[in-house]
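Here is the structure we will look at, set down as structure tokens.
Remember, predicted model here, so these are calculated numbers, not experimental data.
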Amino acid sequence: MHASFSALGLALVLGFSTSAMAQQCGGDFGAWRDGVRAQAAADGIGERGLSALNQAQIDQKVLQRDRAQGVFNQTFAEFSGRMINDYRLRNGAANLKKYADTFARAQNEFGVPGPVIASFWALETDFGAVQGDFSTLNALATLAHDCRRPEIFRPQLISLLHLIDQGWVPAGVTGAWAGEIGQMQMLPSDYYTKGVDGDGDGKVDLKGSAPDAILTAAKNLQSLGWKPGQPWLEEVRIPDHMAWEKTGRVNKLPRSEWAAMGVTRRDGSPLETDAVQAGLVLPMGYKGPAFLAFDNYDIYLEWNQSLVYTLTAAHLAARLAGEPRFNVRNPDQGLAPEVMKQLQQKLADRGHDVGGVDGILGAGTREAVRQEQLRLGLPADGWPTPTLFSNL
């Protein structure tokens, strides 16, 4: 997937302590850059990295892209139908065969199956073909200077300066508009701390080396908590009536309890009656597609926080592992973006935290919808419909 989509997942950046200086943003760009230079020097970055910083400039196109991410207004069926295409399935299978030894190493060393890595590779850059042509230095300087999310992007800028200073990447390295680099669109901090030399040439090249990119992605997923040998997503068949309030990714139950409620495998055969925890995800409501999402699915949300993107990536991985396309079924009509904004405002007026009135069905809006569905006696599946809207 192109980086304009994956940038929504940048809020996943964890583990960076930010000083008061690192929180500063806005104002005169030159003066702000002097502050970054002082921080970088204190962090041990040498002349090569500091000289690169001197060339950093504001890129207005980056700010425009940051504020326009309407792709996530699409439903799961729309988005996945466009993103999981014949090209990606065909080339995914070919690359799994071409780099079989590297993928085997990724699974042996880091516990991450090849199809999982290949799905990110496909969606992020079409297997390295589309890596972005934005100046990474300018993109991160722009977003770190902007006051929308400086606590996320300033640490990434410092990490990039480390990469430049140590010769891992040139000062003119290019990538996505939000600063991701290479075939898997890795953030500079992950490049710097988790880069793996997969081809044994003595350097980590995430732009030009597929083995480096594959193994670095595997190491990153492992660091996020991937559980070896465990499932990530399973399409299921659900009954017409059940306790819908128990559904949702975070409402995890043992697989045996879902089986007791009438949930089966996609083909109608029984689920395993074990204690493996899973949430029942209904991205388009109880009449639409249904999936059991396991702990490993949560790792997808560490990579990118959009449910639509992560379900698409997880399902593509399942397809590359041999599963068929999901059953769309017959979901109730959803809401157009402008109506979604009106719904979000209504929910906010009722005291719900929807995470912003932006027309995007995010986690906060879904949970608010569930609460209102419960109050109104509607199936609490988190899917906003015209019926719910008219009853608020």
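Contacts classified as salt bridge (charged side-chain N to carboxylate O under 4.0 Å, His left out) and involving residues 235-245 (residues at least two apart or in different chains) are given here: Glu235-Arg266. For residues 215-234, every residue pair satisfying the side-chain hydrogen bond (donor to acceptor under 3.5 Å, both in side chains) rule, not counting sequence neighbours, is listed here: Lys227-Asp295. Sorted by first then second residue, the side-chain hydrogen bond (donor to acceptor under 3.5 Å, both in side chains) pairs that include residues 315-337, not counting sequence neighbours, are Lys287-Asp332. Residues in residues 351-360 take part in these side-chain hydrogen bond (donor to acceptor under 3.5 Å, both in side chains) pairs, two or more places apart or across chains: Gln344-Asp358, His352-Glu372. For residues 49-62, the set of pairs meeting the side-chain hydrogen bond (donor to acceptor under 3.5 Å, both in side chains) definition, not counting sequence neighbours, comprises Arg37-Asn54, Glu47-Ser51.
With sequence neighbours left out, the side chain to side chain donor-acceptor pair (under 3.5 Å) criterion links Tyr191 to no other residue. For Glu338, the salt bridge (Lys or Arg N to Asp or Glu O under 4.0 Å) test picks out Lys341, with sequence neighbours left out. Residues that satisfy the side-chain contact (heavy atoms from CB on, under 4.5 Å) test with Ala217, not counting sequence neighbours, are Ile117, Met184, Trp303. With sequence neighbours excluded, the residues satisfying side chain to side chain donor-acceptor pair (under 3.5 Å) with Asp349 are Gln345. Take Thr312 and apply the side chain to side chain donor-acceptor pair (under 3.5 Å) test, not counting sequence neighbours, and it matches no residue. Not a single side chain to side chain donor-acceptor pair (under 3.5 Å) links Gln107 to another residue, sequence neighbours left out.
Note on ring orientation: taking the six-membered ring where Trp is involved, the planes of Phe326 and Phe291 are perpendicular (angle over 60°, cut-offs 30° and 60°). Under the 30°/60° scheme for interplanar angles, the aromatic rings of Tyr286 and Trp244 are found to be tilted.
No side-chain heavy atom of Leu53 sits less than 4.5 Å from a side-chain heavy atom of Ile45. Between Trp383 and Thr75 there is a side-chain heavy-atom pair separated by less than 4.5 Å. Residues Phe110 and Leu221 fail the side-chain proximity criterion, which asks for heavy atoms closer than 4.5 Å. Gln371 has its side chain out of reach of Arg350: every pair of non-hydrogen atoms, C-beta onward, lies at least 4.5 Å apart. Residues Asp381 and Val369 are not in side-chain contact: their nearest non-hydrogen atoms beyond the backbone lie 4.5 Å or more apart.
Ser306 and Asn304 share no side-chain donor-acceptor pair at under 3.5 Å. A donor-acceptor contact closer than 3.5 angstrom is absent between the side chains of Gln24 and Trp32.
Side-chain atoms of Arg148 come within 3.5 Å of backbone atoms of Asp66 as a donor-acceptor pair (strictly under, hydrogens ignored). Of the possible donor and acceptor atoms, none in the side chain of Arg249 sits under 3.5 Å from a partner among the backbone N and O of Ala293.
The environment of CG in Asp86 is sparse: at most 12 heavy-atom neighbours from other residues, nucleotides or ligands sit within 6.0 Å. For NZ of Lys246, the number of neighbouring non-hydrogen atoms (other residues, nucleotides, ligands) closer than 6.0 Å is 12 at most.
Closest of all the heavy-atom pairs between Pro331 and Gly288 is CB-CA, 3.9 Å. The shortest heavy-atom contact between Leu280 and Ala290 is CD1-CB, 4.4 Å. Residue Leu160 comes nearest to Pro188 through the heavy atom pair N-CB, 3.7 Å, listed as atom of the first residue, atom of the second, then distance.
In this structure, Tyr309 has its ring center no closer than 6.0 Å to that of Tyr300.
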In a table with atom names and distances, give each donor-acceptor pair under 3.5 Å that connects a side chain of residues 95-106 to protein atoms at least two apart or in another chain.
residue: Asn95; atom: ND2; partner: Asn91; partner atom: O; Å: 3.0
residue: Arg105; atom: NE; partner: Glu109; partner atom: OE2; Å: 2.8

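Salt bridge annotation for Arg88-Asp126: present, with a cationic side-chain nitrogen under 4.0 angstrom from a carboxylate oxygen.
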